[in-house]
**Student:** 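This is the structure I have questions about; it appears just below.
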Amino acid sequence: MLSRTWHASTFPFVMTDTSASFSGVHLQRIDVPTESTVTVRLRHYETSIRLDAVDSGSSVQIVSLDIENSTEWCRGAVRHVLFTPRASVALQFPNSEISMTFASHLSRVCGTERSQSAFDRRTEDISAKQYFQFYGYLSQQQNMMLDFTRTSTYQRAFLQNAVDFKDKIVIDVGAGSGILSFFALQAGAKKVYAIEGSSVAEYCELLVKHNRVEDKIKVIYGKVEEVQGVRIAAYERSL
C-alpha cells in the first residue's frame, strides 16, 4: 500500500522538443517500500519515452523506465501512476498545471495523441480549452453550489431514489467540485468514480480527502471519453 503523505515542493522544470526535466517530484515505488524526492528527466524517442528519476540529494538514479504505447498509465488531479515490467511508480506533483504538462509528454506515446478520443474528434481545441478553463474557476463552482434550488433538488432526487444507488458503483461524469459524488454516497453508493477534465479536479480531491472518504470516492483527472477501464483498475491498485 502507498503512503498518503505526499510532499509538495517548488517545481521548476525545463523543456525542449525532445526532452524535459522536472525537479522536486515526490516518487514512490509501488513494488518496493521506498520514497524519494527526485528529479524526473524525460527523453523522447520515435515510439517511446525514457524516464529517469534521480535522487535530488545524492544524484543517485532511483529508477529508469521505458514508456511505450502499451504502458499502463493513470492519473488523478496531481498524481500519476505508471506500471511497467521494470518497475511501478507513483509520482506526485504540487499542482494540476504541472501535472498536465507531464501528462502531455506521456500522451505522445501512451495516450490520446496517438489515437484521438471521441471528444477530440468532435470538439475544436480552442473550444475545449475555453470550456475547461471556465469550469476550472472556483467562483463558477461556487455559483453553482450557491444555487440552493438547483443543488437541493439534486440532493432530494438522489435521496428519494436511494434504492437505485444502494451498494452500486457510480461514475460522476464532469464531477466539478464533487458535490454529486457526495450525494451518491449519502444515497448509499458503494463507490464513486469522480471524473473531471478541468483543474478543479485538484480541489475535488482535497474535498474528498478532508471529508475522509478517499476509500469511497476516487477522483480521476481527465475526459470521460479518454478514461479507460485499465486506467481505473491501475488507479485502484496504486492505493
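Here the structure is a predicted model, which is why all the values come from computation and not from measurement.
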**Student:** For the CD1 atom of I67 and the NE2 atom of H44, what is their distance to the nearest 0.5 Å?
**Tutor:** 9.0 Å
**Student:** Output, in order, the C-alpha distance, side-chain angles, deciding distance and verdict of side chain to side chain contact (heavy atoms under 4.5 Å, CB included) for L106 and L82.
**Tutor:** CA-CA 10 Å; L106 266 61; L82 291 161; 3.6 Å; yes
**Student:** Quick check for you: to the nearest 0.5 Å, what is the distance between K218 atom NZ and D215 atom CG?
**Tutor:** 6.0 Å
**Student:** Go through the structure and list residues passing salt bridge (Lys or Arg N to Asp or Glu O under 4.0 Å) with R156, not counting sequence neighbours.
**Tutor:** none
**Student:** Is there side-chain contact between F183 and T151, with at least one heavy-atom pair below 4.5 Å?
**Tutor:** yes
**Student:** Could I get the full list of side-chain contact (heavy atoms from CB on, under 4.5 Å) partners for T39, not counting sequence neighbours?
**Tutor:** S21, S23, R41, S56
**Student:** Check whether any side-chain heavy atom of F182 sits under 4.5 Å from a side-chain heavy atom of V213, and report yes or no.
**Tutor:** yes
**Student:** For Q140, give me all partners under side-chain hydrogen bond (donor to acceptor under 3.5 Å, both in side chains), at least two apart in sequence or on another chain.
**Tutor:** none
**Student:** Do the side chains of F102 and V40 get nearer than 4.5 Å, heavy atoms only?
**Tutor:** yes
**Student:** What is the distance from atom NZ of K209 to atom SG of C204, rounded to the nearest 0.5 Å?
**Tutor:** 14.0 Å
**Student:** Closest heavy-atom contact between K168 and V163?
**Tutor:** NZ-O, 4.3 Å
**Student:** To check you understand the geometry: which heavy-atom pair defines the closest contact between S177 and M145, and what is its length?
**Tutor:** OG-SD, 3.5 Å
**Student:** Partners of D55 by side-chain contact (heavy atoms from CB on, under 4.5 Å), sequence neighbours excluded?
**Tutor:** S36, S58, I62
**Student:** With sequence neighbours left out, write down each residue that passes side-chain contact (heavy atoms from CB on, under 4.5 Å) with Y203, or none if nothing qualifies.
**Tutor:** L138, V200, L206
**Student:** Taking only residues two or more places apart in sequence, or in another chain, which ones meet D147 in a side-chain hydrogen bond (donor to acceptor under 3.5 Å, both in side chains)?
**Tutor:** none
**Student:** Could you pull out the closest heavy-atom pair between K216 and K190, with the gap in Å?
**Tutor:** CD-O, 3.5 Å
**Student:** Report yes if some heavy atom in the side chain of F165 is under 4.5 Å from a heavy atom in the side chain of L159; otherwise report no.
**Tutor:** no
**Student:** Not counting sequence neighbours, which residues clear side-chain contact (heavy atoms from CB on, under 4.5 Å) with D164? List them please.
**Tutor:** N161
**Student:** Determine, step by step, whether V38 and V54 satisfy the side chain to side chain contact (heavy atoms under 4.5 Å, CB included) criterion, reporting the C-alpha distance in whole Å, the side-chain angles of both residues, the deciding distance to 0.1 Å, and the verdict.
**Tutor:** CA-CA 5 Å; V38 301; V54 179; 5.9 Å; no
**Student:** Are the side chains of L51 and T84 in touch, meaning some heavy atoms are under 4.5 Å apart?
**Tutor:** no
**Student:** Would you check if L180 and V192 make a side-chain contact, meaning some heavy-atom pair closer than 4.5 Å?
**Tutor:** no
**Student:** What distance do I217 atom CD1 and R212 atom CZ have between them, rounded to the nearest 0.5 Å?
**Tutor:** 15.0 Å
**Student:** Pick from V173, I169, D172: which one makes a side-chain contact (heavy atoms from CB on, under 4.5 Å) with Y193?
**Tutor:** I169
**Student:** What residues form a side-chain hydrogen bond (donor to acceptor under 3.5 Å, both in side chains) with S64, not counting sequence neighbours?
**Tutor:** D52
**Student:** Measure from the side-chain N and O atoms of E196 to the backbone N and O of A175, and report whether any donor-acceptor pair falls under 3.5 Å.
**Tutor:** yes
**Student:** To the nearest 0.5 Å, what is the distance between OG on S48 and CG on L65?
**Tutor:** 11.5 Å
**Student:** Going by the angle between their ring planes, with limits at 30° and 60°, are W73 and H80 parallel, tilted or perpendicular?
**Tutor:** parallel
**Student:** Tell me, do S199 and Y221 make a side-chain contact under 4.5 Å, heavy atoms counted?
**Tutor:** yes
**Student:** About how many Å separate CD of E35 and CD of Q92, when rounded to the nearest 0.5 Å?
**Tutor:** 11.0 Å
**Student:** Under 4.5 Å between any side-chain heavy atoms of Y45 and R50, yes or no?
**Tutor:** yes
**Student:** Of all residues at least two apart in sequence or in a different chain, which pass the side-chain hydrogen bond (donor to acceptor under 3.5 Å, both in side chains) check with R150?
**Tutor:** none
